[in-house]
Protein chains: 2
Amino acid sequence: MSALRTLYERADVVPLLAEIFRELGFEGATLSRITERTGIGKGSLYHFFPGGKEEMAAAVLAEVDTWFEQFVYEPLRRDDPAEAIAAMWKNADAYFRSGGRICLVGAFALDETRERFAATINGYFRRWIDALAGALVRSGRPASEATAAAENAVLGIQGALVLSRALDDKALFKRALDQMAKRLITS
Amino acid sequence: MSALRTLYERADVVPLLAEIFRELGFEGATLSRITERTGIGKGSLYHFFPGGKEEMAAAVLAEVDTWFEQFVYEPLRRDDPAEAIAAMWKNADAYFRSGGRICLVGAFALDETRERFAATINGYFRRWIDALAGALVRSGRPASEATAAAENAVLGIQGALVLSRALDDKALFKRALDQMAKRLITS
DNA sequence: ATCATTCTGTACTGACAGGTACAATGCATT
DNA sequence: AATGCATTGTACCTGTCAGTACAGAATGAT
């Protein structure tokens with residue numbers, strides 16, 4: 001492994017694929033568009049992902065999941081609730097680039113792509129909601145409200161992504177996130 | 001025009017296309033899957049929509065837009081604000097079948113399909129937010145809060161669709177809508 | 001019954017889809 | 001510098017894509 005290597009590793013390819021699936025969706029991301037945008041030939045692609053496009057998407061989803069598990073869900077379960085929740089909003093804004101980048105998991109949930117990755121999609125959101133609800137309970141919120149409040153926050157991020165992209169308005173995304181952050185701790 | 005006619009009219013085809021685009025997305029909705037699911041042959045399809053798939057999707061979006069204009073936006077602008085807002089939540093729940101049916105406009109906003117229909121997508125959400133914010137102002141809400149509150153409601157519906165579909169949980173959709181409805185008038 | 005028009009099924013096209021085969025290359029180790 | 005394995009480009013496969021052509025069936029008006 002050297003800094004100047006021209007050859008790829010599987011780990012280098014996944015982030016590139018992620019951006020392409022985000023922009024084009026699963027069906028829109030054709031092999032030729034992938035090779036065109038990444039400069040990686042079919043040979044390499046099928047070497048790293050023998051299962052083809054489906055394995056590529058699965059690898060991307062797994063990486064997304066790992067990222068959220070590490071930087072959002074785990075802290076919510078482990079750290080001081082108020083701090084972890086504040087970090088969640090910050091991380092969400094950074095990860096989604098203030099609405100400039102969509103949530104691949106949410107996008108896959110909307111069309112028939114969901115069927116292929118149902119378990120992964122479900123787990124991603126389920127664990128987010130549960131971790132956040134847990135943090136809310138630990139911060140003193142009654143358990144009866146915590147789940148609904150957590151669902152509301154997670155759903156709000158997804159909605160903010162849709163709307164800010166629809167209106168091509170990043171400011172809306174930040175504004176919505178700020179408001180949700182306030183509401184989550186006060187109400 | 002007779003009740004027993006076996007031949008289609010353009011107006012008959014659009015709702016069928018709508019469901020297909022909703023389920024499969026723009027890229028996923030291939031001509032053969034359209035003919036397969038609707039039973040309408042290519043001949044008829046290209047007769048009604050000489051511009052092909054893009055014209056089909058545009059027709060669907062236009063119909064969606066018309067529906068919301070008539071049953072949501074216009075009432076919000078015209079009728080008693082409290083009543084129109086209550087009707088909006090009811091209509092949203094019915095139209096999206098408690099999360100069993102996604103918002104095509106929102107789904108198109110997420111991937112590159114947005115580029116094709118940017119103006120329509122923007123207008124759909126822009127007019128929704130403006131009409132709702134206007135109703136809120138007329139109901140006594142300060143203009144400084146109205147827009148943000150309206151954005152929040154619209155984005156919340158989109159997010160609820162994503163999340164309820166991701167978790168395959170219609171109850172979540174209804175619960176989220178109820179909560180948003182309460183928050184919109186109280187807070 | 002005729003006729004012009006609207007509508008429809010079938011067959012076709014060239015382009016491109018996902019995927020495979022494999023020879024050639026790059027690189028770390030020795 | 002030779003070996004062995006990871007990586008890559010190219011050519012190719014079969015199926016499906018969006019779109020076209022067009023003959024014929026159904027329709028409404030006369």
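The model shown is predicted, which means the values in this text are computed figures rather than measured ones. Numbers restart at 1 for each chain; the letters A, B, ... are given by sequence-line order, proteins then strands. Keep in mind that the numbers below use all heavy atoms, side chains included, and drop hydrogens, waters and symmetry copies.
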Report yes or no: does A:Arg141 contribute a side-chain atom to a donor-acceptor pair with the main-chain N or O of A:Ala135 at less than 3.5 Å?
no
To the nearest Å, how far apart are A:Glu9 CD and C:dC27 P?
13 Å
Grab the CG-C1' distance between B:Leu31 and D:dT20 for me, whole Å please.
12 Å
In whole angstroms, the gap separating C1' of C:dG18 from CG of A:Leu17 amounts to 15 Å
Can you list everything that forms a salt bridge (Lys or Arg N to Asp or Glu O under 4.0 Å) with A:Arg114? Sequence neighbours excluded, please.
none
How close or far is atom C1' of D:dT8 from atom CG of A:Asp12, stated in whole angstroms?
14 Å
Does B:Ser32 place a side-chain N or O at less than 4.0 Å from the phosphate oxygens OP1/OP2 of D:dA18?
no
Nearest 0.5 Å please: distance from the CG atom of A:Asp80 over to the CD1 atom of A:Ile85.
9.0 Å
Measure the distance from CG on B:Leu24 to C1' on D:dT16 and round it to the nearest whole Å.
15 Å
Spacing of A:Tyr8 atom OH relative to C:dC27 atom C1', expressed in whole Å
17 Å
Distance-only donor-acceptor hits, side chain of residues 53-64 of chain B, under 3.5 Å, sequence neighbours excluded:
residue: B:Lys53; atom: NZ; partner: B:Phe26; partner atom: O; Å: 2.8
residue: B:Lys53; atom: NZ; partner: B:Ala29; partner atom: O; Å: 3.1
residue: B:Glu54; atom: OE1; partner: B:Arg116; partner atom: NH1; Å: 2.6
residue: B:Glu55; atom: OE1; partner: B:Gly51; partner atom: N; Å: 2.6
residue: B:Glu55; atom: OE2; partner: B:Arg10; partner atom: NH1; Å: 3.4

Between residues 36-55 of chain B and DNA chain C, which residues have a heavy-atom gap below 4.0 Å?
B:Gly41, B:Gly43, B:Ser44, B:His47, B:Phe48
Working to the nearest 0.5 Å, report the span between CD1 of A:Ile102 and CD of A:Glu19.
9.5 Å
Calculate, to the nearest 0.5 Å, the distance between atoms CZ and CG belonging to A:Phe96 and A:Leu104 respectively.
9.5 Å
